[in-house]
Amino acid sequence: MSRKAMCAVPPMGWNSWNSFTEKINEDLIRETVDAMKKQGLQKAGYEYVVIDDCWSMKERDKDGNLVPDPEKFPHGMKAVADYVHENGFKFGMYSCCGTRTCANYPGSFEHEYEDAKQFAAWGVDYLKYDNCFKPQHLDDRNLYRRMGLALANSGRDIVFSACQWGTESVHEWISSSGAHLFRSTIDINDSWNSIKDIALSQMDKTAYSSAYCHNDMDMLVVGMYGKGGDEYISAGGCTDEEYQTHFALWAMMNSPLMIGCDVRNMTEQTKKILLNKDLIAINQDIECRAPFQVQCTSNSPDTYVLVKFLSNGDIAIGMFNFGDTPTLAAVDFWDLGLPTSAGKCLEIYDCIEHENIGKKSEMLTATVAAHGSKVYRCKMVEKE
Ligand code: GLA
């Protein structure tokens, strides 16, 4: 069988963990699928519906098979996969490279090939593969290679989502394991500090993310408002401004966009953030160019400016204020590779307000709210 090249651009979808942890079942998945259609998330590009940890029985059956918990999934996993597929989505599941999953269900160590076959038989299109309960004598390279190879030979096109947490310089080798995305950080929680820490920890690693193997900065907490599946995840919640910044960062930094809130109950503001087609277009740009950082000497130390070249020649500019007071941020076009001698200027479109703000030469400045962001899509035009 010939395999498709998968995940040219970062995957988009929904994952059960952030809001539901072990409180998952087939009704939740069905209702989530329905809500994603109804609320326009599917149309906006969110494609994968992923069941995280806690879906199976606590032990394998006597033949060594993983068994879906019959109380949570009374019709089995194939039925869930069928519903997901009938509605035009792709189906994701979860396992772990160790002997147990992080929530202490059976892991896939020494069962990699049979589990991959089982996932393929159920119609799984995406496997998140965690990093708990690892045998001491093997390093992660070997453990992730095992499942990478098992999935690639499972007879089905299955995206390999390596949830490795950013240890062992994972960004340097994970692509060779067959992974299409790799978690590069500890678990996110629903707080501004978590968003900020994750984003800052990956600023110097953006160049390691590329088409077909993306740096996964973890599921989004947008729209959770402190209602996480457990105490660690809940963490107090964020403001809408902070959720907007979170989404803009993940979009600009080429992270997968996996929604973590309860999509059955989204506020208008949450929908506005998650359905932002201009930010999604930047994230999903086919060339997946790594963003680079620029800094004007006049900017505050809490200001981060990221620039991403897009496949049609446009330039995306994101200004992020990690500070606690509003700030004036500036970008000098010289730093983009656009000197005055070029005789060009940039026509600027605001991707959060969705409006044109006119032409600028040499410099772009904006006031950025505390914990706020601005993202612009800029088109090069002749100077008049
Ligand atoms: C780890 C992962 C999380 C989630 C849980 C499930 O902590 O990093 O994303 O999958 O395990 O137990």
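As the structure lists them, so they are numbered: ligands from 1, and atoms in each ligand from 1.
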Judged by heavy atoms only, the candidate from D53, D52, D130 nearest atom 2 (C) of ligand 1 is D130
May I ask you to check whether W165 has an N/O atom sitting below 3.5 Å from an N/O atom of ligand 1? yes
Just need the protein heavy atom nearest to atom 9 (O) of ligand 1, so name the residue and atom and give the distance. K128 NZ, 2.8 Å
Atoms of ligand 1 less than 4.0 Å from C163 heavy atoms? 2 (C), 8 (O)
Counting non-hydrogen protein atoms only, what is the nearest one to atom 3 (C) of ligand 1? Give residue, atom name and distance. D187 OD2, 3.4 Å
Carboxylate-amine/guanidinium proximity below 4.0 Å for R100 and E59: yes
Do Y46 and F89 have their ring centres less than 6.0 Å from each other? no
According to ring-ring contact (aromatic ring centres under 6.0 Å, His included), who are the partners of F109, at least two apart in sequence or on a separate chain? none
Need the ligand 1 atom indices (1-based, order shown) with element for anything under 4.0 Å from a heavy-atom of R183. 8 (O), 9 (O)
Note: E114-K117 ion pair, threshold 4.0 Å (strictly below): no
How about Y83 and F91: are their ring centroids closer than 6.0 Å? no
